[in-house]
Amino acid sequence: MKKRLEVLLRSAIDALISRGEIPTDVQAEVMVEHTRDARHGDFATNVAMTLAKAMRGNPRSVAEKIIEALPGDSAVVKTEIAGPGFINFFIDPQAQFGIIPQIIEAGHEFGRSEFGAGKRVQVEYVSANPTGPLHVGHGRGAAYGSAVAKLLAAAGFEVHREYYVNDAGRQMDILAASVWLRYLEECGEVLVFPSNGYRGEYVRDIAQSLHKAVGLGLRHPSSAVTDHLPPDEPEGGDKELHIDAIVARTKALLGSEDYRRVFGAGLDSILDDIREDLFEFGVAYEEWFSERGLTESGAVERALEKLRVAGHLYEKEGAIWFASAALGDEKDRVVVRENGQMTYFASDIAYHMNKLERGFDRIINIWGADHHGYIPRVKAAIQALGADPSKLDVLLVQFAVLYRGEERVQMSTRSGEFVTLRQLRNEVGKDAARFFYVMRKSDQHMDFDLKLATSRTNENPVFYVQYAHARICSVFRQLDEKGLPRDLLQGMQHLQRLCESHETDLLASLTRYPEVVESAALQQAPHHLVNYLRELAAELHAYYNACQFLVEDAALRDARLNLIAAVRQILVNGLGLLDVSAPESM
RNA sequence: GCGCUUGUAGCUCAGCCGGAUAGAGCAUCGGCCUUCUAAGCCGAGGGUCGCAGGUUCGAGUCCUGCCAAGCGCGCCA
């Protein structure tokens, strides 16, 4: 309907232009919006005011001319000029009824559009380092990313979901060393665990499994590991130097084959855990992309070579730098360290080059907000590789501050003191967690109160929406129990009986659904869909309390049943996009 | 210090490219269950949209300055 009005207005304006009433050089975008106040009709446009501005004319007289040139449409019963120059449209209620058969016929497909025209979009999200289980901070990225992916798919894009696995680099080496030290403890060795090692209980679990699998095969006396190391922080030393020395010692003592075994035990175990965790959370991927694979295939060298040829690399102080400052970054960045090691950024350049080579029309990275300083250098890299940086959108997910009631919860993966995503799911369930996470604008700081999220009873709005669905299901169960007949066709023929204010409200909301899905997809804003579903549920609950559905009058009953069946379908479709279930009873 | 993000009701947050009287949930207060699930509904109170300027027919929304908060500023990942 919105689009229909926009077309009408466009043709009216074109007619005025061809008649010379509006200068051809005046550009006005035609925008129609739903009115907030029913007294202003159903739809309104401010186009006369924007035109008047460009023409330096009177908005109301421009509005008059537009209305005069407006082609007739059976659905529009009245137009009026209001306020400073709004054009308000009053729509024939009869025209709104068509939405019900449309929804019933399209079923699960209703709300999907071809807007994206099959353009290929890659969405990368979560991509947490496999050095420990996912915590509640990752959960928001997971819920947000998968909702954005589903919305884009619903809007007609071809979506490729991806998890970038940082299975190489120093953090993974520290994990491997941590596993091995715990393994030595399992073997009966006594040692002081490094302050910068991974101290979580899960490391011990991995070590125990390793111990069970290989027995004492990887044992070395603890003195061989710890003698002559630079001091750790508690002894007044540097924790980074200390842990690096332990990593080096671990590699030297184990040899490459055994080291790989320990490394693999840690990586595989944690990655399996992450996979399972996300699967249970309803978060899926087309691809788990390995950083190590990138290194081993020579893609990193290839990327750097490409930058070198294009003249973006230089050498300074023994390191190789990428001249990103010239491309909008704060400063230049090191890609190969003095010691010959590639930086994390180097493999990230290669990863983005790989994304570009795969021919995606759009690349979306969903990152924690603490990575925002990283965006300019990645954009610079894309530009230096000869591609268009605007192809990449980085969406930041803010997690902000975690509370348990009044008390602030400190989180650190290293220390092992954090709330895992799995703990949250066990406490509140998948549905509440998914809903809670995408309820708020993603880049907004928010206080996440675990006590609130885990309160199962009243606070969580997910139950409110699910309850609306369950209530509708319950009505249909009652229909069966009372042995009342339902005639779908008769209901469709008597939709004009739906003239209660609650019914017209619901009809208007149902009409909006496809627009909501589309705009939520384009803005990567699933919280718009959440808000919509809460409003739709509120209208349903109000309707439920005000009107009886299972009335004697069969024609009216069938019409009402068709209306609530359509509402149920929208609730199912909308919740489905958020991966929240729609239970038939609660 | 510089950069990014944010500041809306007691609390947590919406507010779609600038639009008509700024909204919701929670909390508080008062009503509604012999009739389709009360995890619900109906109603009331509660606001200088951080502060000060500016842009214009019109600003919570755009611009500038200030104040406050979060995050980021490694040859870490």
Side-chain angles (χ1 to χ4, degrees), chain A residues 29 31 33-37 39-40 44-46 49-50 52-53 58-59 82-86 88 129 131 166 168-172 174 240 291 316-321 330-331 333-345 347-348 368-376 396 398-401 439-441 443-449 452 456-464 466-468 470-479 481-482 484 515-516 519-520 522-523 525 527-528 530-531 534-535 537-538 540-551 560-561 564 585-586:
Chain A
E29 217 178 321
M31 235 175 50
E33 47 190 26
H34 295 269
T35 56
R36 252 184 272 170
D37 190 328
R39 282 173 301 179
H40 300 138
T45 179
N46 63 348
M49 287 184 286
T50 54
K53 191 171 191 170
N58 178 348
F86 291 103
N88 293 340
N129 285 352
T131 53
N166 296 121
R170 180 168 173 262
Q171 296 309 319
M172 289 308 297
I174 294 175
E240 306 290 351
E291 178 189 359
K316 190 179 87 181
E317 294 161 6
I320 296 175
W321 297 68
E330 275 179 56
K331 48 181 145 180
R333 309 289 173 178
V334 170
V335 286
V336 183
R337 290 195 280 262
E338 206 176 352
N339 64 11
Q341 291 251 304
M342 308 268 190
T343 60
Y344 170 82
F345 180 47
S347 32
D348 226 22
D370 55 341
H371 285 66
H372 67 75
Y374 204 74
I375 299 170
L396 297 177
Q398 183 69 248
F399 192 68
V401 194
M439 209 163 63
R440 299 280 139 82
K441 200 163 50 182
D443 56 355
Q444 179 72 276
H445 303 263
M446 74 184 232
D447 291 346
F448 190 111
D449 186 343
L452 195 76
R456 199 177 176 87
T457 42
N458 48 1
E459 325 267 343
N460 246 309
V462 63
F463 299 117
Y464 185 78
Q466 290 182 321
Y467 185 39
R471 268 187 154 170
I472 295 171
C473 292
S474 163
V475 171
F476 283 100
R477 278 195 300 272
Q478 282 292 320
L479 181 77
E481 277 172 30
K482 291 183 176 170
L484 290 167
E515 297 163 22
V516 170
S519 88
L522 294 182
Q523 297 177 51
H527 73 282
H528 285 165
V530 172
N531 289 339
R534 292 173 73 175
E535 282 165 34
L540 188 277
H541 287 307
Y543 182 35
Y544 182 95
N545 277 273
C547 301
Q548 188 78 13
F549 306 147
L550 301 178
V551 289
R560 286 184 168 170
L561 289 174
I564 64 170
S585 67
M586 297 180 72

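Every chain is numbered from 1 and lettered A, B, ... according to where its sequence line falls, protein lines coming before strand lines.
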Which of B:C75, B:C36, B:C71 is nearest the side chain of A:D370? It is B:C71
Candidates B:A20, B:C36, B:C75 - which lies nearest the side chain of A:E317: B:C75
Planes under 30° and centres closer than 5.5 Å, is that true for A:H40 with the base of B:A20? yes
Just name whichever nucleotide pairs with B:A44, Watson-Crick or G-U, keeping both distances under 3.5 Å, else none. B:U28
Can you find a donor-acceptor N/O pair under 3.5 angstrom joining the side chain of A:N88 to the base of B:A20? yes
Nearest to side-chain heavy atoms of A:Y464, which nucleotide of B:C41, B:C75, B:A14: B:C41
Pick base, sugar-phosphate or nothing for A:F476, based on heavy-atom distances below 4.0 Å to the nucleic acid. nothing
Complementary nucleotide of B:U34, counting Watson-Crick and G-U pairs under 3.5 Å: none
So what does A:A542 touch, heavy atoms closer than 4.0 Å: a base, only the sugar-phosphate, or nothing? sugar-phosphate
What's the closest nucleotide to the side chain of A:R170 if the choices are B:C36, B:C75, B:C76? B:C76
If you only use heavy atoms from C-beta on, which nucleotide in B:C76, B:G40, B:C75 is closest to the side chain of A:V334? B:C75
Nearest to the side chain of A:R471, heavy atoms from C-beta on, is which of B:G19, B:G40, B:G70? B:G40
Remember a base hit wins even if backbone is also touched, and classify A:C547 as base, sugar-phosphate or nothing at under 4.0 Å, heavy atoms. base
From the options B:C13, B:A77, B:C41, select the nucleotide whose nearest atom is closest to the side chain of A:R440. B:C13
Paired with B:C13 by Watson-Crick or G-U wobble geometry, both distances under 3.5 Å: which nucleotide is it? B:G23
Donor-acceptor pair, A:T343 side chain versus A:V336 backbone, under 3.5 Å? no
Applying a 3.5 Å limit to both distances, which nucleotide forms a Watson-Crick or G-U wobble pair with B:G72? B:C2
Looking at the side chain of A:E330, which of B:A77, B:A14, B:C73 is the nearest nucleotide? B:C73
Have a look at A:A546 and say if it touches a base, only the backbone sugar-phosphate, or nothing, with a 4.0 Å heavy-atom cut-off. nothing
Between the side-chain atoms of A:H372 and the base atoms of B:G3, is any donor-acceptor pair under 3.5 Å? yes
Sub-3.5 Å donor-acceptor pair from the side chain of A:T35 to the main-chain atoms of A:A44, do we have one? no
With heavy atoms under 4.0 Å as the rule, sort A:R333 into base, sugar-phosphate or nothing. nothing
Looking only at the side chains, is there a donor atom on one of A:Q171 and A:T131 sitting less than 3.5 Å from an acceptor on the other? no
Just wondering, do A:F86 and B:A20 stack (centres under 5.5 Å, planes under 30°)? yes
Nearest to the A:H527 side chain among B:C41, B:C75, B:A14, which nucleotide is it? B:A14
Choose from B:G3, B:G19, B:G74 the nucleotide whose nearest atom is closest to any side-chain atom of A:K331. B:G74
